[in-house]
Amino acid sequence: MTKKSSLKKHITLRIIFLGLCMSFLLSYQSGQFFLKGFDLMRKEQMILAASYPLAGKKTTQVLGYHVAADWDHVPKKIKQVFPAPPQKPGQYFKHFQNWWYFAPPETGYFLMLVPTESGASRYVSLVRENIGKSIRPAKGFYVDPMVQIALWGLGALLSFILLISWSFRGLSQPAQALYNWASQLRLESIDKKAPDFQYRELNELSAIIHNSLESMGEAMKRENEFLGYASHELRTPIATLRSDAALLDKISPVPSPKEREVRDRMIRSSLSMKGITETLLWLNRNDQEPLQYSKVNLEQLLKQEIQTLRYLLAGKDVALQLETTPCTRNLPQAAYQMLVSNLIRNAFQHTQRGTIHIRQRGSELQIVNRLPAGKSRASTGFGLGLKLIRKIAERFQWALTEEKSDTHNSVIIKV
């Protein structure tokens with residue numbers, strides 16, 4: 001069976017992924033607003049610098065900016081970075097040298113074509129070198145604004161994860177308590193009231209589980225009572241029927257062939273009913289009821305059960321092959337005899353034609369029903385017998401192997 005992933009883990013990972021995406025998006029947006037704020041401030045300063053008159057000169061210095069009347073008088077460093085001049089009024093160029101997102105650049109180049117009120121145009125430029133050194137304070141610890149934005153985003157993400165973990169912990173504890181309660185719920189403790197799981201939905205779910213198990217327990221109790229009463233009550237008329245059949249044989253030891261057929265049918269029916277009632281009683285018996293162990297001759301017990309149930313093969317085209325070896329084991333005789341009886345009864349009852357091969361080697365018993373070639377396989381369901389066989393094998397930890405195909409049915413039991 002494939003192991004399924006945890007619902008809690010699935011939801012938590014999805015929410016954390018959503019929080020990671022939101023943190024990254026907002027951090028990136030904050031960084032872009034920070035850079036655009038610098039550009040907007042610098043543009044305002046360039047426009048202000050271009051508003052100062054040149055006083056008959058071609059260039060001037062205003063607020064640290066170089067203002068030129070034409071492109072020829074723009075500084076060479078600016079021309080090396082921006083070979084072509086701005087073509088449209090208000091066009092703004094910038095370039096950073098040796099810059100990555102989380103540290104200030106080494107050098108910044110800025111150029112803007114600014115129209116004046118008189119209709120002329122000015123080339124305003126700025127070369128700013130050693131930007132990192134210039135913005136660092138003389139004393140104290142400096143953290144780049146981009147790093148601050150990243151740290152704030154990471155802090156917000158961690159806070160979000162902690163909040164989600166705390167919230168899920170508050171929700172998972174009642175859910176885990178419900179799981180533990182439901183996994184330990186048994187029919188014996190069904191009368192106990194369900195605990196409070198803090199949330200209305202969980203309490204309603206626990207009530208549904210409790211009511212369903214309670215209804216199932218009541219139904220099983222009624223079935224067990226009926227099973228026990230019916231099985232015990234049937235034993236008396238079955239015993240009476242068998243006694244009367246034996247008494248009839250003593251009164252009339254030489255019956256007619258028709259009467260003998262009727263008597264044999266009565267005996268066979270009483271034996272079948274006896275096996276059914278014993279099976280029902282065993283199924284209704286407490287699994288913890290102690291059983292007595294004794295020395296059991298497996299070969300002799302097998303032959304006795306075959307002889308008792310041989311009537312089931314009367315009138316059938318079935319060949320019986322038997323292989324046995326002497327073997328004695330210390331076993332619960334009643335349970336083992338009932339298991340062997342049900343195995344043989346199933347083989348005899350559900351095989352109409354073909355071969356039944358019964359092999360007993362030591363403590364291993366194998367029964368194989370071989371079917372004729374070209375014939376469809378009839379139903380081989382054991383019914384109560386199969387349920388009893390599996391229950392006995394499971395209780396005493398005996399190895400049980402079942403094989404079914406269109407040509408044969410095989411059951412192997414090793415005690």
Side-chain angles (χ1 to χ4, degrees), residues 1-27 150-232 279-291 335 383-384 386-398 400:
M1 181 178 178
T2 305
K3 185 178 181 181
K4 300 295 183 180
S5 60
S6 169
L7 179 62
K8 174 185 174 182
K9 181 180 178 181
H10 182 75
I11 296 177
T12 302
L13 291 178
R14 283 179 175 259
I15 294 179
I16 290 177
F17 177 74
L18 177 62
L20 178 63
C21 294
M22 293 298 297
S23 178
F24 175 80
L25 179 62
L26 293 177
S27 298
L151 291 176
W152 276 105
L154 181 60
L157 177 62
L158 292 177
S159 300
F160 178 76
I161 293 175
L162 291 176
L163 179 61
I164 291 298
S165 301
W166 176 79
S167 300
F168 268 107
R169 184 175 182 182
L171 293 174
S172 63
Q173 286 180 346
Q176 184 66 36
L178 174 61
Y179 171 79
N180 295 335
W181 170 80
S183 61
Q184 298 175 1
L185 193 60
R186 298 292 184 271
L187 291 177
E188 296 79 10
S189 59
I190 198 64
D191 295 333
K192 296 181 180 179
K193 185 179 179 182
D196 183 17
F197 298 103
Q198 300 183 22
Y199 298 100
R200 176 173 55 84
E201 292 80 4
L202 296 182
N203 287 332
E204 291 177 353
L205 181 58
S206 67
I208 293 174
I209 296 174
H210 186 272
N211 293 336
S212 298
L213 190 60
E214 189 176 28
S215 300
M216 183 177 66
E218 292 177 355
M220 291 181 63
K221 184 178 180 181
R222 290 193 298 268
E223 290 179 0
N224 287 335
E225 289 178 352
F226 171 77
L227 188 62
Y229 294 153
S231 301
H232 280 287
T279 301
L280 292 174
L281 286 171
W282 177 272
L283 293 175
N284 193 43
R285 190 176 299 166
N286 186 358
D287 286 346
Q288 302 304 320
E289 181 180 346
L291 293 177
L384 290 175
L386 177 58
K387 184 176 181 181
L388 176 65
I389 291 168
R390 290 173 177 169
K391 184 175 181 180
I392 295 175
E394 181 180 358
R395 176 175 176 182
F396 296 102
Q397 297 182 352
W398 294 338
L400 176 64

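Source: prediction; values computed, not measured. Each residue takes its place number in the sequence, starting with 1. All values below come from the heavy atoms of this structure, side chains included, with hydrogens, waters and symmetry mates left out.
Within the 4.5 Å cutoff, the side chain of Trp181 has heavy atoms near those of the His210 side chain.
A 6.0 Å sphere centred on CD of Glu201 holds more than 12 heavy atoms belonging to other residues, nucleotides or ligands.
Under the rule for a salt bridge (charged side-chain N to carboxylate O under 4.0 Å, His left out), Glu394 has no partner lying at least two apart in sequence or in another chain. Listed by chain and residue number, Leu20, Ser23, Ile161 satisfy the side chain to side chain contact (heavy atoms under 4.5 Å, CB included) test with Leu157 (two or more places apart in sequence, or in another chain).
The structure places CD1 of Ile389 at 11.5 Å from CH2 of Trp398, a figure rounded to the nearest 0.5 Å.
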Step-by-step side-chain contact (heavy atoms from CB on, under 4.5 Å) determination, Phe160 to Ile16: CA-CA 8 Å; Phe160 178 76; Ile16 290 177; 5.5 Å; no
